[in-house]
Amino acid sequence: TAEGFEAAFDAAVAADERIEPRDWMPEAYRASLVRQIAQHAHSEIIGMQPEANWISRAPSLRRKAILMAKVQDEAGHGLYLYSAAETLGTGREELLDKLHTGRQKYSSIFNYPTLTWADVGAIGWLVDGAAITNQVPLCRCSYGPYARAMVRICKEESFHQRQGYELLLALSNGTPAQHEMAQDAVNRWWWPSLMMFGPPDDESAHSAQSMAWKIKRHSNDELRQRFVDICVPQAEALGLALPDPDLRWNEERGRHDFGAIDWAEFREVLKGNGPCNEQRITQRRRAHEEGAWVRDAAAAYATKRRAGSVP
Ligand code: FAQ
């Protein structure tokens, strides 16, 4: 019976068991997972653009090789995630179409420009750092395929975070001009990185339900706080300042207090009015159109293989 299925689902979630693709699940659970996983997948592939902007201008062969590997990893993460969404019964074509027509979101962070080489370091340190803080708990998400994709993604994100940190450290300890460039990048990326965790808890539409379903394990504000606490000593070690005059240790809470986030800016970026929204989506659509021949060729090959006419 329907009640029996629902009870089995509730019991599995309560017991911290994984829900798998063939298991019964509430339609709203399925829809919320598709929403989050699709947004996550779109973020990975749109997120290739800001850093790819610097591949041709990386300052050495070593840096270029590292950056190319990182951007390729992001494409791979997108593929793991689209595959996870497919296990819920939504095709990749449909999801991409929703991205291209503005019906599904991607992370606000990728609508900011990469103005200097130091931005590659700041993205690795802060953006990948925020991503890891948010994604490590998702490795325990109640939906099996998403949780398992997260395990692999987090391992690679850790490498990404270290490369950004190491890049910024080199610049910070470099010439005064390099140090200044690193500081300027941190100044520009700090606040948008805090916005990656989503709206404050009292404005987060999905948090309560997602936490009850154990899709999310912590609230947006809790993870944001965790990230701030992680970054403060790292910034000190880098010799770079975080651009927040209100940032200070709160002995009583045992955590850092920090300044107010500009949520009006966040809402504008979500509405499509960030500095690079238009550029990102135009580039994405063009890449999709230019890749049509690859999809056609792969489909033709698959058809021939099924017919046995090619090995
Ligand atoms: N940007 O009710 P909530 C990466 C939307 S890391 C845009 O709190 P929820 C790695 C939200 O979707 C970045 N939209 O929502 C990388 C919802 O809208 P909807 C990707 C945002 O789901 C590094 C509405 O606001 N990571 O790509 C944002 O409970 C470097 C209400 O919000 C993930 O996606 C935002 N920042 O919590 C790649 C992680 N925040 O759907 C390349 C997985 C919120 O009703 C280079 N996702 N919204 O239309 C999550 O953990 C959650 O979905 C949150 C939002 C925490 C993002």
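All values below come from the heavy atoms of this structure, side chains included, with hydrogens, waters and symmetry mates left out. Since the structure is predicted, the reported quantities are computational estimates derived from the model, not experimental observations. Throughout, numbering of the chain's residues begins at 1 and tracks the sequence. Both ligands and their constituent atoms are indexed starting at 1 by order of listing.
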[Y]/[X] salt bridge by N-O under 4.0 Å criterion:
X: K70; Y: E74; value: yes
X: E290; Y: R295; value: no
X: E157; Y: R152; value: no
X: R162; Y: E166; value: no
X: D229; Y: R255; value: yes
X: D97; Y: R103; value: yes
X: E27; Y: R30; value: yes

Side chain [X], main chain [Y], donor-acceptor under 3.5 Å:
X: D221; Y: D201; result: yes
X: T90; Y: E86; result: no
X: S172; Y: L238; result: yes

Distance under 4.0 Å to a non-hydrogen atom of [X]: what atoms of ligand 1 satisfy this?
X: G47; answer: 42 (C), 46 (C)
X: F197; answer: 56 (C)
X: Y146; answer: 43 (C)
X: G198; answer: 40 (N), 44 (C)
X: A205; answer: 2 (O)
X: A131; answer: 6 (S), 10 (C)
X: E157; answer: 10 (C)
X: S107; answer: 1 (N), 7 (C), 13 (C), 36 (N)

With backbone taken as N, CA, C and O and side chain as the heavy atoms from C-beta onward, which portion of [X] lies under 4.0 Å from ligand 1: side chain, backbone, both, or neither?
X: L270; answer: side chain
X: N134; answer: side chain
X: M48; answer: neither

Exercise for the section: Determine if the distance from atom 43 (C) of ligand 1 to the closest protein heavy atom is below 4.0 Å. Expected result: yes
Handout entry: Under-4.0 Å heavy-atom contact between protein and atom 39 (C) of ligand 1
Key = yes
Problem - Sub-4.5 Å side-chain heavy-atom contact between I19 and Y146 - result: no
Problem - Test item: I37 and L88 side chains (from C-beta on) under 4.5 Å apart, heavy atoms - result: yes
I'd like to know if [X] contacts ligand 1, where contact means a heavy-atom distance under 4.0 Å to any ligand atom.
X: H77; result: no
X: S210; result: no
X: E51; result: yes

For the 3.5 Å polar cut-off, considering only N or O atoms, please tell me whether [X] and ligand 1 meet it.
X: N220; result: yes
X: M195; result: yes
X: E74; result: no

Practice task
From the options M150, H40, H206, select the one whose nearest heavy atom is closest to atom 17 (C) of ligand 1.
Solution key: H206
What protein heavy atom is closest to [atom], reported as residue, atom name and distance in Å?
atom: atom 12 (O) of ligand 1; value: Q39 OE1, 2.5 Å
atom: atom 37 (O) of ligand 1; value: K216 NZ, 3.0 Å
atom: atom 28 (C) of ligand 1; value: F266 CZ, 3.7 Å
atom: atom 22 (O) of ligand 1; value: R35 NH1, 3.1 Å
atom: atom 49 (O) of ligand 1; value: K105 NZ, 2.4 Å
atom: atom 23 (C) of ligand 1; value: D128 OD1, 3.4 Å
atom: atom 50 (C) of ligand 1; value: Q36 NE2, 3.5 Å
atom: atom 16 (C) of ligand 1; value: F110 CZ, 3.7 Å

Practice task
Applying side-chain hydrogen bond (donor to acceptor under 3.5 Å, both in side chains) between H100 and each of H42, R285, R284, H288, report the one that passes.
Solution key: R284
Problem - Enclosure of M211 CE (heavy-atom neighbours >12, cutoff 6.0 Å) - result: yes
Problem - More than 12 heavy atoms of other groups within 6.0 Å of Y301 OH - result: yes
Exercise for the section: Could you tell me how the ring of W213 sits relative to the ring of Y29: parallel (under 30°), tilted (30 to 60°) or perpendicular (over 60°)? Expected result: perpendicular
